Amino acid sequence: MTNSVLEGTMRSRPVYGVLEPRPGKAHLIVADGEGAGAVVDLVARAGETAPAMLARTHIIYMPGPNGTDAFESLKALGAAQAFRTHDYSTAQPRLKKVLGDAHMGLQIYTTGTEGLMGQVLRDVMEAGLPAQAVQTEHRGSTVRRVQCVHCKGITENVRTDPFQCSHCGLHLFVRDHYSRRLAAYQGVNIDAEDPGEVPPAVERFK
Amino acid sequence: MSVGAPKIPVVVAEVVELNPLIKRFRFVRTDGKPMPTFSGGAHIVVEMDDNGTRRMNPYSLMSDPTDTSGFEISVRRDDAGRGGSLYMHNHVRPGMAMQVSHPVNLFGLDLRAKKHLLIAGGIGITPFIAQMTQLEHLGHRFELHYSVRSPELGAYADDLKSRYGDRVHIYYDNQKHMIPLAELLEGQPLGTHLYVCGPKGMIAWVLGSAEAAGWHPSTLHSEEFLAPPVGHAFEVELAASRKTITVGPAQSLLEAMEAAGVDAPYLCRGGACGQCETDVHRCDGSIEHNDHWLTPEQKASNTKIMPCVSRFHGATLVIDR
Ligand code: FES
């Protein structure tokens, strides 16, 4: 087995931008970890229109996989609503409710880790909006969310390559192949042909 | 659908005059095969032999997309146009043999949407008739807002109203009814997609208002068929085919190439799809860019032309065809 796939160009990887304030009837921001910094920058970019924007802004925030918790900096912005949750699974019901009640004209922003943004995009697309309608900005950790192609289990916050699947225990290498539907990269068994021949894990994602 | 793509041989099965301006035509196949199914918003190109001039006009399909027994279109008479619609109105009779293209859809529904907001002006209603049939089959949520000059010209208003009830809203210009666009844009659930088809001014108004209200362009869809504008005759050199042709005043560059036997690609023949884009080798003069495809920079640089709608005046134009 060669490892050329690891270096392959990554056409499936999403492209992230820089959050820009856009006119809209309401604003929804979902961020984790260092993404708080991007939210502060976004509000700064709104300049004079910031108070009007914040009066119609709903922020959902959770700490990053590396433990960064900058919620205080967001609370200080004075948005109409700002909530901190433990992780995405606890944020998700709130996000789905907000999306379900919202009207067209809502601007959606997400920033922080790729794992978070991918899950927000997936849930927004499920609500009928195209992914392009959501603004994204990558900040902080580059750890990946990876799905094992063998047992389909998802391992969060993968740092090394290869790594061990948290569900079935197989040693997987992380392919640069991203699925929008799953919001996850693909992990493929690395010692299928020569069981036990597992190369040493290298820290690729921080 | 470039030259060489198979055409469908048809016979005109029915011509219905809906009002002084609009006629509906039904085509059935002469080779006994079923018509291809299509998706709502698709159009066909109808070929006409107008006294030796070959005309090929695109028309939206309005029949049931799953009906393989025939295709239906509606044609609004344009007395100031180049003659395609007049030919359809004055010469096409039941029993006549014609040719049409396979359906092409440049105005399809995004079926991932939670709701479809359809806005039609005048004859722009036709693609929506097929789309609503499709949405009804699928059980998707939609709402139509149809603005038309007067009840006499509102060809399909009553019919649609009785079929879809309060999901259909009609506005008559002569009774000063206006589409309440600002309110409509305010109240749509997240995941709604908007579709607009009608006159140029209406499309610009609807799209501009929606973007200002925070709708992302990826949720906005529009279709306007530009009839190729008439103008002065001009000469064009076709580099690849080593021919120099003259484009007549009521002919498009695309039609002139076809008449000269040159294979040129197209889909919409209305400046929207991009299929006919052609490189310009030399432009000594100026191109009248009439399309909705090229960017303003491309138009200004005169390095590309869309032969289905654009014209030229000046000394020399050499294109890569
Ligand atoms: S044929 Fe579609 S733009 Fe010319």
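Everything numeric here is computed off the predicted structure, so don't read it as measured data. In what follows, chains carry the letters A, B, and so on, assigned in the order in which the sequence lines appear, proteins first and then strands, with residues in each chain numbered from 1.
- Within 6.0 Å of CD on A/Glu48 lie no more than 12 heavy atoms contributed by other residues, nucleotides or ligands.
- If you tally non-hydrogen atom pairs under 4.5 Å between each of B/Glu211, B/Glu186, B/Arg112, B/His193 and chain A, the highest count goes to B/Glu186.
- With hydrogens and angles ignored, the 3.5 Å screen pairs no side-chain donor or acceptor of A/Lys25 with any backbone N or O of B/Gly214.
- Between the B/Lys114 side chain and the A/Leu129 main chain, no donor and acceptor come within less than 3.5 Å of each other.
- More than 12 non-hydrogen atoms from other residues, nucleotides or ligands lie less than 6.0 angstrom from CG of A/Asp101.
- Counting heavy-atom pairs closer than 4.5 Å to chain B, the top-ranked of the candidates A/Ala127, A/Gly100, A/Ala26, A/Ala131 is A/Ala127.
- Looking at A/Gln107, the atoms closer than 4.5 Å to chain B (heavy atoms on both sides) all sit in the side chain, from C-beta outward.
- Distance check: A/His103 NE2 to B/Leu190 CG gives 9.5 Å after rounding to the nearest 0.5 Å.
- For B/Leu194, no part lies under 4.5 angstrom from a heavy atom of chain A.
- Annotation for B/Ser218 and A/Gln132: closest pair CB-NE2, 3.5 Å, computed over non-hydrogen atoms.
- Environment of CZ in B/Arg163: crowded, with over 12 heavy atoms of neighbouring residues, nucleotides or ligands closer than 6.0 Å.
- For the set A/Leu106, A/Val124, A/Leu99, the count of heavy-atom pairs under 4.5 angstrom toward chain B peaks at A/Leu99.
- No more than 12 heavy atoms of other residues, nucleotides or ligands sit less than 6.0 Å from atom CD of B/Glu183.
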